[in-house]
Amino acid sequence: MSDVDTLFRPVDLGKLSLKNRIAMAPMTRTYSPGNVPNEKVVDYYRRRAEGGVGLIITEGTFVDHVAASGYPNVPAFYGEEALAGWKKVVDAVHAAGGKIAPQLWHVGAIRRPGVQPGGDTPGHSPSGMAFPGKVTGHAMTQQDIDDVVAAFAKAAADAKAIGFDAIELHGAHGYLIDQFFWEGTNQRDDSYGGDLAARSRFALEIVQAVRAAVGEDFPIIFRFSQWKQQNYAARLCETPEELGDFLNALADAGVDIFHCSTRRFWEPEFEGSDLNLAGWARKLTGKPAITVGSVGLNADFLPEDGTADFKAAEPASLDNLLERFERDEFDVVAVGRALIANPDWANKLANGKATDLAAYEKDMLKELI
Ligand SMILES: Cc1cc2nc3c(=O)[nH]c(=O)nc-3n(C[C@H](O)[C@H](O)[C@H](O)COP(=O)(O)O)c2cc1C
């Protein structure tokens with residue numbers, strides 16, 4: 001069995017230094033009434049920092065655009081009140097010895113009219129589609145695109161100003177940025193549509209604008225995924241070469257760290273190699289990479305039957321993860337559900353080192369929601 005010590009080595013990710021290799025994955029909570037993170041939100045993140053997580057990536061928090069929000073009671077990332085709430089979160093996490101990045105989000109066509117704020121505003125997306133071939137929303141104009149790019153840049157500047165250690169751009173899971181990447185939802189015939197390089201233009205403009213707003217030294221994390229909530233089997237890149245072109249364009253625009261969202265971290269990304277998506281991202285770009293997906297669990301968070309039964313997961317060994325760390329395949333692992341269930345996941349793992357992990361994990365999962 002590999003030793004969990006490997007997860008507790010400090011790491012220097014260029015512009016971001018962490019005390020260990022464990023990040024908290026971004027997880028939407030819908031517990032911010034009025035879109036303002038309150039004291040309960042502060043406590044929630046403080047407990048995970050006290051529990052030993054090196055880097056917290058917050059739940060998705062929406063930028064200042066009329067169609068950016070998609071669900072009730074999600075925190076905003078603009079306005080005096082919401083930013084004051086976020087500042088308390090940052091201060092609490094820092095006091096507990098952790099680091100923190102907000103996940104900046106625009107849901108695109110996933111939005112339905114009626115969600116506040118935004119009222120009757122329809123979902124905005126490259127071609128008005130959340131699902132391939134089904135127009136349910138508004139196809140973005142150049143003005144809309146410019147407004148959203150500016151909103152991401154403003155949010156990033158605000159994140160830096162209130163003390164966050166980095167920002168993460170949500171470019172995954174079939175939300176707005178990914179709706180541009182994915183040919184299923186991007187049918188544009190202007191310079192934002194066409195091949196994957198053209199479909200990346202929107203994301204590249206956002207990264208460039210964010211970089212200009214935060215300066216050279218502030219870390220930009222970019223989360224992407226092959227899979228979409230609209231289609232788990234969807235893929236942006238079929239070969240390592242395509243993935244390299246896709247990611248290196250983002251790196252050239254200013255991305256420092258890639259957060260590679262998979263549902264099961266142990267799955268090889270391409271035939272002929274055991275490397276997972278994060279392993280390939282790191283190898284192809286030379287940039288640090290974060291892996292994620294069912295760490296410590298035997299079932300992923302989006303079952304094929306669509307039940308989203310989080311309780312169905314059982315504990316699983318960490319051996320495969322530790323072996324990949326020892327091979328230096330990626331730099332950091334993000335943990336989602338296990339950290340909802342147990343805020344002390346990291347500390348318990350450190351203290352229970354290599355004694356009886358399976359028994360420990362079973363105990364830990366008793367608390368799973
Ligand atoms: C309740 C819940 C909410 C989530 N919300 C987000 C989100 O806001 N942004 C995001 O990029 N991923 C979100 N995810 C996906 C997680 O970040 C993570 O990739 C996924 O849960 C797999 O990690 P796990 O198997 O360790 O839970 C969410 C997952 C769950 C379970």
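In each ligand, atom 1 is the first atom listed, and ligand 1 is the first ligand listed.
- Considering backbone and side-chain N/O of Ala334, none are found under 3.5 Å from N/O of ligand 1.
- The closest approach between a heavy atom of Ser294 and any atom of ligand 1 is below 4.0 Å.
- Ligand-side atoms of ligand 1 in range of Val292: 19 (O), 23 (O), range being under 4.0 angstrom from any heavy atom.
- If you number the atoms of ligand 1 from 1 as listed, the ones under 4.0 Å from a heavy atom of Ala25 come out as 17 (O).
- Considering both main-chain and side-chain atoms, Gly336 comes within under 3.5 Å of ligand 1 through a nitrogen or oxygen pair.
- The distance from ligand 1 to the heavy atoms of Gly293 drops below 4.0 Å at these ligand atoms: 25 (O).
- Side-chain atoms of Asn186 never come within 3.5 Å of backbone atoms of Trp182 as a donor-acceptor pair (strictly under, hydrogens ignored).
- Between Glu269 and Arg235 there is a salt bridge, since a side-chain N of the basic residue sits under 4.0 Å from a carboxylate O of the acidic one.
- Between Leu176 and Met140 the shortest side-chain heavy-atom distance falls below 4.5 Å.
- The distance from ligand 1 to the heavy atoms of Gln103 drops below 4.0 Å at these ligand atoms: 7 (C), 8 (O), 9 (N), 10 (C), 11 (O).
- Under the 4.5 Å side-chain criterion, counting only non-hydrogen atoms from C-beta, Pro288 is not in contact with Phe258.
- Interatomic distance, NE2 of His94 versus CG of Asp91, reported as 8.0 Å (0.5 Å rounding).
- Distances from atom 10 (C) of ligand 1 to the heavy atoms of Arg263, Arg223, Glu168, Arg264 put Arg223 nearest.
- For ligand 1, none of its N or O atoms has an N or O atom of Trp105 under 3.5 Å away.
- Within the 4.5 Å cutoff, the side chain of Tyr71 has no heavy atoms near those of the Arg111 side chain.
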Sequence neighbours excluded and cut-off under 3.5 Å, please list the side-chain donor-acceptor pairs for residues 73-84, or say none.
none

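- Less than 4.0 angstrom separates some heavy atom of His173 from each of these atoms of ligand 1: 10 (C), 11 (O), 12 (N).
- Counted by atom type alone, Glu59 and Tyr31 present zero donor-acceptor pairs between their side chains at under 3.5 Å.
- By the 3.5 Å distance cut-off applied to N or O atoms, Arg337 is counted among the residues near ligand 1.
- Residue His170 places at least one N or O, backbone or side chain, under 3.5 Å from an N or O of ligand 1.
- Comparing heavy-atom distances from atom 4 (C) of ligand 1 across Met27, His259, Met24, Gln229 singles out Met27 as nearest.
- Checked by atom type, the side-chain pair Ser69/Asn35 shows no donor-acceptor distance below 3.5 Å.
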